Amino acid sequence: MNPLVTIIMSTHNAEDYIDECLQSIAAQTYPDFTVYMIDDASMDNTADKVKEFIKNDKRFQLVDIHKQNRGLTPTLNELWKMAETKYVARMDADDVMHEERLEKQVQLLEKHEGLDVVGSYAMNINKDSEPIDIRKVPVYHKDVKKTIPLASPVIHPSAMIRRSALKAVDGYNETYPVAQDYDLWFRLMGNGSGFHNIPETLLYYRMEAHHVKKRNIRHRWLDAKTRWRGTKLIGSTRRTKLVSLTVSAVMLGMPSFLKPSMMKLKEHIDPRYSKF
């Protein structure tokens with residue numbers, strides 16, 4: 001049987017977590033998949049660990065090793081364009097899949113032709129894989145559309161995407177080294193794609209201490225740019241556009257030392273987070 005799903009994964013300096021990640025993929029209850037991986041110039045033993053793992057499971061392929069780091073966005077474009085399957089699933093090298101993730105996503109996409117993007121809730125975990133809290137996202141398309149001007153409505157490494165929909169918008173925008181997923185969700189929605197998030201924790205999402213530091217001024221500028229263009233694409237009202245930009249402007253102007261505290265506060269008031 002030809003697989004329906006290609007899992008795409010860029011790896012970079014993930015030696016501490018890659019084994020757990022690959023084992024969780026291999027243990028899926030839905031077995032008909034292919035994994036395409038590119039190591040993006042890791043400086044540790046990530047590539048060697050991947051090479052050792054794939055000796056015992058032919059579904060996993062290390063298709064390239066970059067000599068120089070190219071970044072996540074162009075690497076993801078390389079990967080999805082190689083895929084020949086009906087669906088493309090995202091995964092990060094430091095995260096862990098629930099064993100039923102692929103099965104539940106494939107079932108939903110096969111049953112509903114109007115859906116192009118299916119994500120899920122995620123359990124945030126620490127470096128020792130201990131649970132922190134649950135990250136929730138809106139379930140139904142109408143609620144995804146309400147949420148997207150304010151925050152990314154799909155957890156990127158939880159997503160399975162219909163390849164034809166991804167191709168229709170030419171994949172990821174390589175002018176976005178970060179926030180490439182947020183930009184993609186806007187463009188897919190603007191092109192008529194249907195969204196759904198399964199209200200179950202089908203992904204274990206690694207939260208590192210440096211997670212907040214990644215959200216620097218460049219990230220916030222790209223976030224504002226994404227919101228401005230995206231709200232136009234999906235036909236948001238003037239008021240919604242202004243609210244969307246205000247959220248980004250507040251974070252852009254906030255002193256760096258306050259951002260970790262704000263992220264912690266956000267987890268208490270944001271409905272996308274809850275204790276398990």
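In this chain, numbering begins with 1 at the start of the sequence shown. Keep in mind that this is a model prediction, so the values were computed, not measured.
- A distance-only check finds no donor-acceptor pair linking the side chain of Asp94 to the backbone of Tyr17 [under 3.5 Å].
- Contacts of Arg59 classified as side-chain hydrogen bond (donor to acceptor under 3.5 Å, both in side chains), with partners at least two apart in sequence or in another chain: Asp57.
- Side-chain atoms of Asp128 do not come within 3.5 Å of backbone N or O of Glu130 as any donor-acceptor pair.
- Two residues are said to be in side-chain contact when any heavy atoms from C-beta on lie closer than 4.5 Å; Val139 and Pro199 meet this criterion.
- Judged by a 6.0 Å distance limit and a 45° cone about the ring axis, Arg135 is positioned over the six-membered ring of Tyr205.
- Between the side chains of Ser193 and Asn191, no donor-acceptor pair of N or O atoms lies under 3.5 Å.
- Leu222 and Leu245 fall into different hydrophobic clusters, defined by Ile, Leu, Val, Met, Phe, Trp and Tyr side-chain heavy atoms under 4.5 Å apart, directly or through other members.
- Residue Met189 is not grouped with residue Trp228 when hydrophobic side chains (ILVMFWY) are merged at heavy-atom distances under 4.5 angstrom, including chains of intermediate members.
- Here the side chains of Met160 and Val88 are not in contact, with every heavy-atom distance at 4.5 Å or above.
- Every residue was checked against the salt bridge (charged side-chain N to carboxylate O under 4.0 Å, His left out) condition with Asp170, not counting sequence neighbours, and none meets it.
- Transitive grouping of hydrophobic side chains (ILVMFWY, heavy atoms separated by less than 4.5 Å) brings Leu72 and Trp80 into a common cluster.
- Contact record, Val154 with Gly119: CG1-CA, 4.3 Å, taken as the closest heavy-atom pair.
- Hydrophobic clustering (ILVMFWY, side-chain heavy atoms < 4.5 Å, transitive): Ile7 and Tyr36 are in distinct clusters.
- Ion pairing between a basic and an acidic side chain is recognised when a charged N comes within 4.0 Å of a carboxylate O; Lys86 and Glu110 show such pairing.
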Give the C-alpha distance, both sets of side-chain angles, the deciding distance and a yes or no for side chain to side chain contact (heavy atoms under 4.5 Å, CB included) between Lys225 and Tyr176.
CA-CA 10 Å; Lys225 180 179 172 183; Tyr176 286 80; 3.6 Å; yes
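- Applying the ring pair (Phe, Tyr, Trp, His ring centres under 6.0 Å) rule to Phe53 yields the partners Phe60; only residues at least two apart in sequence or on another chain are considered.
- A search for ring pair (Phe, Tyr, Trp, His ring centres under 6.0 Å) contacts involving Phe186 returns Tyr182, not counting sequence neighbours.
- The two residues Pro131 and Met123 come nearest to each other via the heavy atoms CB-SD, 3.7 Å.
- Looking at every heavy atom in both residues, Ala89 comes nearest to Leu102 through CB-CD2, 4.3 Å.
- Relative to the ring axis of Tyr87, Arg162 does not place its NZ or CZ within 45° and under 6.0 Å from the centre.
- Hydrophobic clustering, with ILVMFWY side chains joined whenever heavy atoms are under 4.5 angstrom apart, groups Val35 together with Met91.
- When all heavy atoms of Asp44 and Ala14 are compared, the closest pair comes out as OD2-N, 3.4 Å.
- No side-chain donor-acceptor contact under 3.5 Å links Thr73 to the backbone of Gln180.
- When all heavy atoms of Pro138 and Asn197 are compared, the pair lying nearest together is O-ND2, 2.7 Å.
- For Thr231 (side chain) and Lys241 (main-chain N/O), no donor-acceptor pair under 3.5 Å exists by modelled atom type.
- Checking side-chain atoms of Glu200 against main-chain N and O of Lys104 turns up no donor-acceptor pair under 3.5 Å.
- Side-chain heavy-atom separations under 4.5 angstrom define the hydrophobic clusters, and Leu242 shares its cluster with no other residue.
- The shortest distance between side-chain heavy atoms of Thr34 and Val5 does not fall below 4.5 Å.
- The salt bridge (charged side-chain N to carboxylate O under 4.0 Å, His left out) search around Lys111 returns none, not counting sequence neighbours.
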Show the numbers, then the answer: is there a side chain to side chain contact (heavy atoms under 4.5 Å, CB included) between Met82 and Val63?
CA-CA 9 Å; Met82 294 178 194; Val63 296; 3.7 Å; yes
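- A distance of 10.0 Å separates CG in Asn45 from CG in Asp16, rounded to the nearest 0.5 Å.
- Separation of atoms NZ (Lys49) and CG (Leu62) is listed at 15.0 Å; rounding is to 0.5 Å.
- Annotation: side chain to side chain contact (heavy atoms under 4.5 Å, CB included) contacts of Thr11 (sequence neighbours excluded): Met9, Ile18, Asp39, Thr46, Ala93.
- Using a 3.5 Å distance cut-off with no hydrogens or angles, the side chains of Glu78 and His66 do pair a donor with an acceptor.
- Checked against Leu79 for a side-chain contact (heavy atoms from CB on, under 4.5 Å), the options Thr6, Asp64, Ile38 give a single hit: Ile38.
- Side-chain atoms of Asp40 never come within 3.5 Å of backbone atoms of His12 as a donor-acceptor pair (strictly under, hydrogens ignored).
- For residues 179-196, the pairs satisfying salt bridge (charged side-chain N to carboxylate O under 4.0 Å, His left out) are Asp183-Arg187, with sequence neighbours left out.
- Taking CG from Leu188 and CG from Leu166, the interatomic distance works out to 6.5 Å, rounded to the nearest 0.5 Å.
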Could you give me the CA-CA distance, side-chain angles and deciding distance for Asn124 and Ile134, then say whether side chain to side chain contact (heavy atoms under 4.5 Å, CB included) is met?
CA-CA 6 Å; Asn124 290 329; Ile134 295 173; over 6 Å; no
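- Of the possible polar contacts, none joining the Ser10 side chain to the Leu76 backbone as a donor-acceptor pair under 3.5 Å is found.
- By the salt bridge (charged side-chain N to carboxylate O under 4.0 Å, His left out) test, Lys167 pairs with no residue at all, sequence neighbours left out.
- Inter-residue side-chain proximity for Ile65 and Lys51 is flagged as met; some heavy-atom pair is nearer than 4.5 Å.
- Side chain of Glu99 to backbone of Thr29: no donor-acceptor contact under 3.5 angstrom is found.
- Side-chain N or O atoms of Gln28 include one that pairs as donor or acceptor with a backbone N or O of His98 at under 3.5 Å.
- Annotation: salt bridge (charged side-chain N to carboxylate O under 4.0 Å, His left out) contacts of Glu84 (sequence neighbours excluded): none.
- A salt bridge links Lys55 with Glu52: the distance from a Lys NZ or Arg NE/NH1/NH2 to an Asp or Glu carboxylate oxygen falls below 4.0 Å.
- Atom CE of Met207 sits about 6.0 Å away from atom CD1 of Ile132, to the nearest 0.5 Å.
- Under a 4.0 Å N-O distance rule, the pair Glu20/Arg206 qualifies as a salt bridge.
- The line from OG of Ser120 to CD1 of Ile198 is 6.5 Å long, rounded to the nearest 0.5 Å.
- Thr240 is linked by a side-chain hydrogen bond (donor to acceptor under 3.5 Å, both in side chains) to Thr237, counting only residues two or more places apart in sequence or in another chain.
- Not one N or O on the side chain of Arg101 forms a donor-acceptor pair closer than 3.5 Å with the backbone of Leu203.
- The ring pair (Phe, Tyr, Trp, His ring centres under 6.0 Å) test applied to His156 returns Tyr172, Trp185, not counting sequence neighbours.
- With values rounded to the nearest 0.5 angstrom, Leu184 atom CG is found 5.5 Å from Ile161 atom CD1.
- What you find for Asp32 and Pro3 is that their closest heavy atoms are O-CB, 3.5 Å.
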